[in-house]
Every structure is written in structure tokens, then in C-alpha cells.
Amino acid sequence: MSEVALRGFGWRHAGRRAWAVRGLDLTVRHGERVLLLGASGAGKSTLLAALAGLLPEDSGESEGTIEIDGLEPRKARDRVGILFQDPQTQLVMARSGDDVAFGLENRGVPAEEIWPRVDEALERVGFPYPVDRPTGTLSGGEAQRLALAGVIAARPGLLLLDEPTANLDPRGAALIRAAIARAAAPETTVIIVEHRVAEALPLVDRVVVIEPGGGVRADGTPEAIFAACGEDLAEEGVWVPGRHLPSRVAQIETTTDLVRTEQVAVPGRLPAVSLRARAGEVLAVTGPNGAGKSTLALLLGGLLAPGSGRITAFGERRPPHKWRAGTLTRRIGSVFQNPEHQFVTGRVADELALGPRRLGRSPEQVRQVVDELLQRLRLGGLAAANPYTLSGGEARRLSVATALATAPRLLVLDEPTFGQDRRTWLELVALLAELRDEGHGVVAVTHDEDFVRTLANRVLNLGEPAP
């Protein structure tokens with residue numbers, strides 16, 4: 001077990017005016033389980049990266065002190081394990097058992113201890129396959145459990161969890177939370193960053209709320225924190241359990257099809273699906289990890305050719321994947337599951353301006369679009385920032401905003417709300433509702449049940465993944 005101590009700690013990314021986190025005084029005692037909350041961009045992920053010793057000295061400016069058992073983080077790395085949102089950032093080997101063993105080998109664990117510890121870790125997280133299971137065949141939830149096994153096999157005194165269920169379906173998320181509860185030894189110190197507050201509370205005994213660039217906002221037991229300042233925290237963006245979300249579902253009368261698929265399929269990735277995406281409505285595509293939702297989004301966006309079946313869109317004979325780039329940009333906008341896959345410039349404002357410029361908008365029109373989206377999605381202070389330095393929630397808002405900037409007739413979104421605090425979630429939903437009310441169509445691949453209840457006119461559940 002490990003103790004964490006921060007005194008006036010701050011970190012500012014290179015090239016940024018604002019500090020990601022600053023003036024942070026915090027002690028986490030041996031064996032405590034802490035839920036770290038705060039608005040999107042408050043510095044939660046930056047703090048976890050700092051504790052894990054993952055902030056290079058030449059990539060920013062630091063102040064104050066941060067210690068783990070009296071050591072600065074880079075000297076305490078063998079005591080710390082960190083699990084990220086995306087397991088693909090942590091899986092490095094082709095076979096599951098080898099992936100868990102890899103970290104132990106790097107730490108110099110004696111050879112005779114490695115495989116017993118691998119087996120123990122896989123059992124503790126409930127990994128359902130033998131050690132020779134190819135990592136490339138795992139669903140998102142299975143890959144996350146494997147990544148967790150790799151972390152706990154090293155028996156860290158401090159376990160850091162950065163939104164470990166963000167990209168998982170509800171069942172997969174529940175399995176990960178159960179795996180965390182089962183896997184973390186009683187003496188392990190645990191710090192969790194998680195927007196699914198209600199679901200995370202059974203894992204913790206303490207809540208710490210940090211303010212953007214401004215230290216600790218609240219600290220105490222979950223019951224005490226939410227009773228004392230729950231209403232204020234909700235207004236500031238924290239997902240306080242039990243707070244109502246206003247419905248934005250609209251009654252629709254249109255039957256105009258924008259895109260239609262007939263038994264479209266991609267071998268090994270998507271079973272045959274037939275659907276209609278209509279003007280003036282929101283279609284939510286749900287289902288478990290591995291069902292083919294992201295593949296369907298690429299097909300609808302004209303970014304992937306189907307293996308079989310037929311796609312018709314906007315009355316064209318040719319399917320979207322055969323259109324010219326300019327035609328596709330005007331008609332269909334896509335937001336990928338991983339935001340960084342679509343960033344192509346070095347500044348947030350330039351990223352937003354790129355689409356409107358390609359469509360021939362005037363400089364004044366481009367400036368108006370950029371300014372409005374920066375303001376509404378709380379990215380104004382990041383206009384000059386490099387998109388690749390944004391937090392996960394900020395990067396997701398930017399990726400959605402780049403698609404909104406061109407106002408396409410159909411918007412195809414893959415997990416549009418992950419990583420958002422309550423305020424930015426509501427603003428994203430409002431923007432999409434406005435787009436729908438203007439006659440545009442929206443297709444959203446999502447695991448966010450609140451999003452479905454609040455905004456969707458229809459739901460397509462892809463069901464269980466093919467064996």
C-alpha cells in the first residue's frame with residue numbers, strides 16, 4: 001500500500017496559458033479508496049498521469065511537490081499501476097497471458113513467479129479465456145479486464161483508474177467494476193476518475209472534487225459531499241447521483257430517408273443490418289461491445305465499403321463511399337470513436353475552421369462558426385492549444401464540434417458523450433437537438449443510456465455479437 005501527498009502541486013502543458021491543475025493540496029492515506037471528481041478539463045487525468053510518473057519534464061511546467069511514500073513519482077513507478085480508458089493503449093502482446101507476463105518480466109520478477117502471478121491476476125479479474133487467447137479477438141470489456149490483470153499482477157501499492165468503463169457497454173462496465181472490487185487487495189490505495197458517479201460509489205469510501213486549475217473544491221465521504229453541496233456541484237458539471245436530465249426528444253412527422261441500408265454487412269465485423277436514417281430525427285445505435293456498431297458508423301459515413309448488401313443515400317445511385325470528398329463533407333459528417341484519429345491541424349481553432357473553409361465559406365462566416373462552437377462547448381480557453389494535448393473529454397467535444405462546423409445533412413457520431421461532465425453533456429445534447437430540429441438527421445452509436453432516454457427518437461439494438 002502507498003500514501004500520496006501533494007503540496008501546492010501544479011502542472012501546465014507546454015504552450016498553454018492556463019494551468020491544467022494548480023494549488024493542489026491533498027493527502028491520500030494507505031488503503032483509502034478515493035473517487036476523484038471535477039468538471040471536464042479540471043485536470044483529473046493530468047493528476048493521475050503525474051502520480052504515475054508519466055509527465056515528461058520537457059513537456060510542461062510544474063510547481064509544488066508530489067510524492068508517493070516520500071518519493072517523487074518517477075522513482076516510485078514500481079509501486080504504481082495505472083489503467084486507462086482505452087485498453088488498446090496498454091495491450092502489447094498477441095496472446096493474453098503473454099501480455100500480463102510482459103509487465104512482470106520488465107520489472108525483473110523471478111521467472112518461477114511470473115506464470116503463477118499471471119494465472120492469479122487473470123482469475124481475480126474474471127478473465128473468461130485461457131492464456132493463449134489472441135488479444136486481437138477480445139471485446140472492449142474483455143480487453144479492459146486483461147489490461148487490469150496486467151496492472152494488478154505487479155501488485156502495486158497505488159492503483160490509478162482513469163475512466164476505466166468509459167468505452168464499455170453497461171454489462172461490460174459492470175463486469176469491470178466487479179473486477180476492480182475483486183482484484184484490488186484490501187491494502188491497496190485506489191484513486192478512480194469516473195464520470196459514472198453513481199456506479200463508482202460502491203468502490204470508494206471518499207470523494208475529492210477538484211476545480212479547474214484551482215485546488216480542492218470538496219473532500220469527504222460521498223454522503224457528506226453530496227448532501228452539503230450536491231446542487232452546486234451539479235451546476236458546476238459534476239454528475240451528482242439522482243439529478244434530473246430534461247428530455248429533448250421531439251415529435252417527428254417527417255419520413256424522408258437520408259441514408260438507407262439493406263442487409264449491409266462486413267464479414268467478421270458486422271452482421272447484416274437494415275436501417276433508415278431520417279431527416280429531423282435522432283437514431284441511437286446500441287448494443288454490446290463487439291456487435292459492429294463502429295463498423296456500421298463507418299459504413300453510414302461513407303468511410304468504408306460494405307462487403308455485401310446495399311447502401312443508398314440522398315437519392316444517389318452510387319453509395320457514399322464512392323462519392324467525391326467535397327460531396328461527402330457537405331452531406332455526411334462523421335465523428336470517430338477515437339477523437340485523435342481525425343485531428344489534422346496544430347490548433348483547436350484551426351481544426352474547427354478547416355471544414356467550413358473547404359466548403360468555401362467566407363472568412364467572416366468561418367470566424368462566426370468557430371467562435372460560437374468554442375463558446376458553447378467550453379473550448380474558448382483552448383483555441384490556440386494543440387488538439388493532441390486536450391483531455392479526453394475536451395478532445396471528444398472538439399471532434400463533435402468539427403463535424404457540427406460544416407452543418408452536414410446527416411451527422412454520424414460514435415460515442416459522442418464519453419468523458420463529458422454534466423454541463424458539457426447538456427450542451428452537446430442541446431446542439432444535437434437544435435440540429436435535428438432544423439431538419440438534419442443524427443445517428444449516434446452510444447452506450448450512454450441517459451443520452452438515449454433524453455434525445456433518441458428511435459433505437460436500433462444490434463444485439464449480441466456474432467460468435
Side-chain angles (χ1 to χ4, degrees), residues 10-22 36-52 54-56 58-62 82 84-86 88-89 160 162-164 166-167 193-195 210-214 236-239 333-355 369-405 413-428 431 448:
W11 174 267
R12 178 165 57 187
H13 293 285
R16 296 276 191 94
R17 280 187 173 183
W19 291 75
V21 60
R22 196 174 198 187
L36 190 64
L37 299 179
S40 179
K44 304 181 294 296
S45 293
T46 298
L47 176 56
L48 292 196
L51 289 168
L54 299 178
L55 294 179
D58 60 356
S59 68
E61 176 185 356
S62 66
I82 185 167
F84 300 108
Q85 295 176 6
D86 183 0
Q88 300 307 323
T89 62
L160 307 172
D162 193 358
E163 295 197 58
N167 291 315
V193 170
E194 180 60 85
H195 279 294
I210 62 175
E211 295 188 294
E236 294 166 14
V238 174
W239 284 101
S334 292
V335 174
F336 304 149
Q337 187 176 60
N338 297 306
E340 64 276 10
H341 290 177
Q342 62 194 99
F343 297 150
V344 295
T345 74
R347 296 172 73 251
V348 166
D350 293 340
E351 201 72 36
L352 290 172
L354 188 63
V369 168
V370 171
D371 289 347
E372 179 185 1
L373 289 171
L374 286 172
Q375 187 269 326
R376 292 197 64 175
L377 293 178
R378 301 180 185 274
L379 295 170
L382 300 168
N386 188 310
Y388 291 95
T389 68
L390 302 182
S391 71
E394 291 164 347
R396 169 49 75 209
R397 294 202 300 283
L398 176 59
S399 65
V400 174
T402 58
L404 291 170
L413 309 161
D414 197 344
E415 296 294 351
T417 57
F418 88 75
Q420 300 310 305
D421 65 30
R422 192 175 190 273
R423 284 187 304 182
T424 55
W425 187 95
L426 287 168
E427 197 60 63
L428 273 176
L431 279 166
D448 185 343

Approximate separation, where rounding is to 0.5 Å, of [X] [atom1] and [Y] [atom2]:
{"X": "S45", "Y": "I82", "atom1": "OG", "atom2": "CD1", "result": "8.0 Å"}
{"X": "H195", "Y": "W425", "atom1": "NE2", "atom2": "CH2", "result": "13.0 Å"}
{"X": "L48", "Y": "F84", "atom1": "CG", "atom2": "CZ", "result": "8.5 Å"}
{"X": "T417", "Y": "R396", "atom1": "OG1", "atom2": "CZ", "result": "8.5 Å"}
{"X": "T46", "Y": "R12", "atom1": "OG1", "atom2": "CZ", "result": "13.5 Å"}
{"X": "F343", "Y": "N386", "atom1": "CZ", "atom2": "CG", "result": "9.5 Å"}

Closest non-hydrogen atom pair between [X] and [Y], with its separation:
{"X": "V193", "Y": "P164", "value": "O-CD, 3.9 Å"}
{"X": "L373", "Y": "A401", "value": "CD1-O, 3.5 Å"}
{"X": "A403", "Y": "S334", "value": "CB-O, 4.3 Å"}
{"X": "W19", "Y": "E61", "value": "CZ3-O, 3.6 Å"}
{"X": "A50", "Y": "L55", "value": "CB-CD1, 3.5 Å"}

CA sep, side-chain torsions, deciding dist, call: T424, D421, side chain to side chain donor-acceptor pair (under 3.5 Å): CA-CA 6 Å; T424 55; D421 65 30; 2.9 Å; yes
Sub-4.5 Å side-chain heavy-atom contact between L377 and L428: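 Touching, per the 4.5 Å side-chain cut-off.
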Side-chain heavy-atom pair R397, Q420 within 4.5 angstrom cut-off: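 SC-SC contact between R397 and Q420 confirmed.
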Check whether any side-chain N or O of [X] sits under 3.5 Å from a backbone N or O of [Y] as a donor-acceptor pair, and report yes or no.
{"X": "K44", "Y": "G38", "answer": "yes"}
{"X": "R422", "Y": "V238", "answer": "no"}
{"X": "E351", "Y": "A349", "answer": "no"}
{"X": "R423", "Y": "R378", "answer": "no"}

From CA spacing to verdict: side-chain contact (heavy atoms from CB on, under 4.5 Å), R16, L382: CA-CA 8 Å; R16 296 276 191 94; L382 300 168; 3.6 Å; yes
L374 vs V348, side-chain contact (heavy atoms from CB on, under 4.5 Å): CA-CA, chis, key distance, verdict: CA-CA 9 Å; L374 286 172; V348 166; 3.9 Å; yes
Full working for side-chain contact (heavy atoms from CB on, under 4.5 Å) between E394 and L398: CA-CA 6 Å; E394 291 164 347; L398 176 59; over 6 Å; no
